[in-house]
Student: 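I have a structure here, written as structure tokens, and I will follow up with some questions on it.
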Amino acid sequence: MAARTPGAALRLCATVFLLEMAFCKGFVEDLDESFKDNRKDDIWLVDFYAPWCGHCKKLEPIWNEVGLEMKSIGSPVKVGKMDATSYSSIASEFGVRGYPTIKLLKGDLAYNYRGPRTKDDIIEFAHRVSGALIRPLPSQQMFEHVQKRHRVFFVYVGGESTLKEKYIDAASELIVYTYFFSASEEVVPEYVTLKEMPAVLVFKDETYFVYDEYEDGDLSSWINRERFQNYLTMDGFLLYELGDTGKLVAIAIIDEKNTSIEHTSLKSIIQEVARDYRDQFHRDFQFGHMDGNDYINTLLMDELTVPTVVVLNTSNQQYFLLDREIKNTEDMVQFINSILDGTVEAQGGDSILQRLKRMVFDAKSTVVSIFKSSPIMGCFLFGLPLGVISIMCYGIYTADTDGGYIEERYEVSKSETESQEATEESRELQEPRSGQSLLPARQEPKDVLEKKTD
């Protein structure tokens, strides 16, 4: 048998890839205007996209995988996609304002997906939202299964009450983020202590917290604050989501590839504070670390030295920088307490001056990034307009100069003409009138005159 050439192998791989893509696309339906009338018959997970959108093109292979996975596991959720530019009226009806927009449509309800655009996260969202709003936990075995599967979940314990009504209302709003369950007191693990019934609990970080209306305020707001683990690996998406919680976010900015004691110890200190001072700080603080300072530098419009700690108030864009060296957990706790009592001055904010600074910074960053990624493109984008403007300015300047010169020449010619006309008039005044001799009249002799008189 003849050996396969590299070119043939490459063509074979490309053919297999295209077949796989075509196979996956078969499980994603292309939706048109008829979808508006038929959508309530099923539960739909829909990607509203624009053909020219780069993020939409990046999502397309992931979306095809979602369609294949949902079909293979027998999910009742149908997966589709709609060109929002071709069917703009339908997209507007569903509140589509950007691309891509992922929504789960269930009866008259439409749920927005705001999580990471990965296959597993999208499928998890579809399972959570398409199922029951409040899932019952009938046994301790089921409770233990849920604990192993979900890092954060909420449980209502008790019978019918006003608190349960509030719990249902909060779940209908926040089901896009987390799971909601209900259970009897007998099903709850023995280590859980409830002072009164009914109660709402959140299970996370290998422990639990009980909702206290007096200390925690509105139930929906409390659930929104507590739906995150106490310590997280931070990125731009998580920081955006944490903006709704009202919590301050304490972040260790480190280089995870750097194994020096400076980087590893600072991360460990933040983790210890999050764990050991949970009861003291969990209502006001979220803890985590971030790999690298690129994103945080852009956010703060500053250049932070790594490793360091920054505390963000994502609700108003203020931040706090270290005013001391952090050697242990006690130093970090003192720094946090200094923020709470107002000793450490807040920087940044959303004032008009900061907004103007942000506009200038973003414009500068955009120009720099364009020139770094593609110098030729940068020269074309910015050099061409500058060249056109320069030519226009030169044309305007030369037009003004020529006009002034012509006007000056016109004035000079006019004055010369007037002078010439005046000269000619004076000459005419000196010339004899028509019919008169140019020579002076000769006086005849006296005797001739006398003879003529006679």
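Because the structure is a prediction, the values reported are computed rather than measured.
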Student: Under 3.5 Å, is there a donor on one side chain and an acceptor on the other for Ser221 and Asn224?
Tutor: no
Student: Looking only at side-chain N and O atoms, does Ser260 offer a donor or acceptor that is under 3.5 Å from a partner on Glu262?
Tutor: no
Student: Decide whether Asp205 and Thr207 meet the rule of one side-chain donor and one side-chain acceptor closer than 3.5 Å.
Tutor: no
Student: For atom OH of Tyr240, is the number of surrounding heavy atoms from other residues, nucleotides or ligands below 6.0 Å larger than 12?
Tutor: no
Student: Verify whether one side chain among Gln286 and Thr245 offers a donor that lies under 3.5 Å from an acceptor in the other.
Tutor: no
Student: With ring pair (Phe, Tyr, Trp, His ring centres under 6.0 Å) as the test, pick out the partner of Phe203 among Phe180, Phe181, Phe143, Phe209.
Tutor: Phe143
Student: Locate the shortest heavy-atom distance separating Ile270 from Gly288; write the atom from each residue and the value.
Tutor: CG2-O, 3.7 Å
Student: Less than 4.5 Å apart, side chain to side chain, heavy atoms only: is that true for Tyr277 and Phe287?
Tutor: no
Student: For residues Ala84 and Tyr99, report the shortest heavy-atom separation together with the two atoms involved.
Tutor: CB-CE2, 3.4 Å
Student: Indicate whether any N or O donor in one side chain lies under 3.5 Å from an N or O acceptor in the other, for His263 and Asn258.
Tutor: yes
Student: Side chains of His289 and Glu256 only: does a donor on one sit below 3.5 Å from an acceptor on the other?
Tutor: yes
Student: Taking all non-hydrogen atoms of both residues into account, name the closest pair between Gly159 and Lys164 and its distance.
Tutor: O-CD, 3.9 Å
Student: Within a 6.0 Å radius of atom CD1 on Ile352, are there more than 12 heavy atoms belonging to other residues, nucleotides or ligands?
Tutor: no
Student: Between Lys40 and Asp108, does a salt bridge (charged side-chain N to carboxylate O under 4.0 Å, His left out) hold up when you go through it step by step?
Tutor: CA-CA 7 Å; Lys40 293 185 180 180; Asp108 293 325; 2.6 Å; yes
Student: Please check if atom CD in Glu213 has more than 12 non-hydrogen atoms from other residues, nucleotides or ligands closer than 6.0 Å.
Tutor: no
Student: Before giving the answer on salt bridge (charged side-chain N to carboxylate O under 4.0 Å, His left out), spell out for Arg283 and Glu226 the whole-Å C-alpha distance, their side-chain angles and the decisive distance to 0.1 Å.
Tutor: CA-CA 8 Å; Arg283 283 187 171 88; Glu226 296 298 332; over 6 Å; no
Student: Between the side chains of Tyr319 and Thr314, is a donor N or O closer than 3.5 angstrom to an acceptor N or O?
Tutor: no
Student: Under 30°, 30 to 60°, or over 60°: which ring-plane class applies to Phe48 and Phe94, parallel, tilted or perpendicular?
Tutor: tilted
Student: So, for Pro198 and Leu163, which heavy atoms are closest and what is the spacing to 0.1 Å?
Tutor: O-CD2, 3.8 Å
Student: Which donor-acceptor pairs under 3.5 Å do side chains of residues 300-310 form with protein atoms, sequence neighbours excluded?
Tutor:
{"unit_1": "Glu303", "atom_1": "OE2", "unit_2": "Asn297", "atom_2": "ND2", "d": "3.4"}

Student: Which heavy atom of Thr178 sits nearest a heavy atom of Phe153, and at what distance?
Tutor: OG1-CA, 4.2 Å
Student: Return a table of donor-acceptor pairs under 3.5 angstrom between the side chains of residues 123-134 and protein atoms on other chains or two or more places apart.
Tutor:
{"unit_1": "Glu124", "atom_1": "OE2", "unit_2": "Tyr179", "atom_2": "OH", "d": "2.7"}
{"unit_1": "Arg128", "atom_1": "NE", "unit_2": "Ile175", "atom_2": "O", "d": "2.8"}
{"unit_1": "Arg128", "atom_1": "NH2", "unit_2": "Val176", "atom_2": "O", "d": "2.5"}
{"unit_1": "Ser130", "atom_1": "OG", "unit_2": "Ala126", "atom_2": "O", "d": "2.6"}
{"unit_1": "Ser130", "atom_1": "OG", "unit_2": "His127", "atom_2": "O", "d": "3.4"}

Student: side-chain contact (heavy atoms from CB on, under 4.5 Å), that's the test. Do Tyr167 and Tyr211 meet it? Break it down for me.
Tutor: CA-CA 11 Å; Tyr167 183 72; Tyr211 167 68; over 6 Å; no
Student: Within the 4.5 Å heavy-atom criterion, are Arg151 and Lys204 side-chain neighbours or not?
Tutor: no
